[in-house]
Amino acid sequence: MRDAERRNMPLFPIGIVTRLTELTPRQIRYYEKQGLIYPARTKGNQRLFSFNDVDRLLQIKSYLEKGINIAGIREMLKQSQEIKEARKEAEKAKRELSERELRRMVKRQLIYPDRPGKIPLTHGEFSRFFRH
DNA sequence: TTTCTTACA
DNA sequence: TGTAAGGA
């Protein structure tokens, strides 16, 4: 199991979260209503919070203590989310680039194999198998 | 027992 | 934001 999955597992009922964050259930429910968090629900409609939810609540709490209002916090969380996604995109682009580089390397290797006795393919022959 | 929603002296 | 009511 990956770390990201582990951190997003719905695990804690609100009572545990109140002790973890020292926020009241009232506050936690209010922040949810304000769109700051979105905990999962059980079949019985009870909230279940993940590690990420708890971290987010702690983040919200610290912002509140610094005098930032709900609207401001919503913006900050939204922006940090956007930054997160932008980073993800950048990583993806980077991986795709190395995929291309890898393909080029494989091409060269196939066209000019070091293996003795192997007859090199011409670029034209090779290209018929690797076009993109 | 715990949590849920709604509503307000 | 606290708290009461009434149900799950």
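Heavy-atom basis, side chains included; hydrogens, waters and symmetry copies ignored.
- Between the side chain of A/Arg74 and the backbone N or O of A/Gly35, no donor-acceptor pair lies under 3.5 Å.
- Chain A approaches DNA chain C over the interval C/dT1 to C/dT3, counting the first and last nucleotide 5' to 3' with an atom under 4.0 Å from its heavy atoms.
- Contact detail for A/Ile73 and A/Ile60: the closest heavy-atom pair is CD1-O, 3.8 Å.
- The separation between A/Ile14 atom CD1 and B/dT5 atom P is 9 Å, rounded to whole Å.
- You'll find the side chain of A/Asp53 stays beyond 4.5 Å of the side chain of A/Val17, heavy atoms only.
- Between B/dA7, B/dT3, B/dC4, one nucleotide has an atom nearer to the side chain of A/Pro13 than all others, and that is B/dT3.
- Residue A/Arg47 places no side-chain N or O under 4.0 Å from the OP1 or OP2 atom of B/dT3.
- Regarding A/Arg19, its CZ atom lies at a distance of 8 Å from the P atom of B/dT3, rounded to whole Å.
- As judged by a 4.0 angstrom heavy-atom cut-off over every strand, A/Arg29 is placed among the base-contacting residues.
- Taking both residues in full, the closest heavy atoms of A/Leu77 and A/Arg56 are given as CB-NH2, 3.7 Å, listed atom of the first, atom of the second, then distance.
- Atom pair A/Arg41:CZ and B/dT5:C1' shows a separation of 9 Å (rounding to whole Å applied).
- Distance A/Phe12 CZ to B/dT2 C1': 17 Å, rounded to the nearest Å.
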TODO: Represent DNA chain B in dot-bracket notation, 5' to 3'. Only Watson-Crick or G-U wobble pairs with both distances under 3.5 Å count; pseudoknot-style crossings use [ ] and interstrand partners use |.
DONE: .|.|||||.
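- Put simply, CD on A/Gln46 is 5 Å from P on B/dC4, counting in whole angstrom units.
- In this structure, the side chain to side chain donor-acceptor pair (under 3.5 Å) partners of A/Glu85, at least two apart in sequence or on a different chain, are A/Gln81.
- Remark: A/Arg104 CZ is loosely packed, at most 12 non-hydrogen atoms of other residues, nucleotides or ligands lying under 6.0 Å away.
- The environment of CD in A/Gln34 is crowded: more than 12 heavy-atom neighbours from other residues, nucleotides or ligands sit within 6.0 Å.
- Looking at heavy-atom distances under 4.0 Å, A/Pro25 makes no contact with the nucleic acid at all.
- In this structure, A/Met76 and A/Ile68 approach most closely via the heavy-atom pair SD-CD1, 3.8 Å.
- What separates NZ of A/Lys33 from C1' of B/dT3 is a distance of 16 Å, to the nearest Å.
- Within the 4.0 angstrom heavy-atom criterion, no nucleotide atom of any strand lies near A/Gly44.
- For the pairing with A/Phe12, the side-chain contact (heavy atoms from CB on, under 4.5 Å) check across A/Leu48, A/Thr18, A/Val54 returns one residue only, A/Val54.
- A/Tyr30 has its OH atom 18 Å from the P atom of B/dC4, to the nearest Å.
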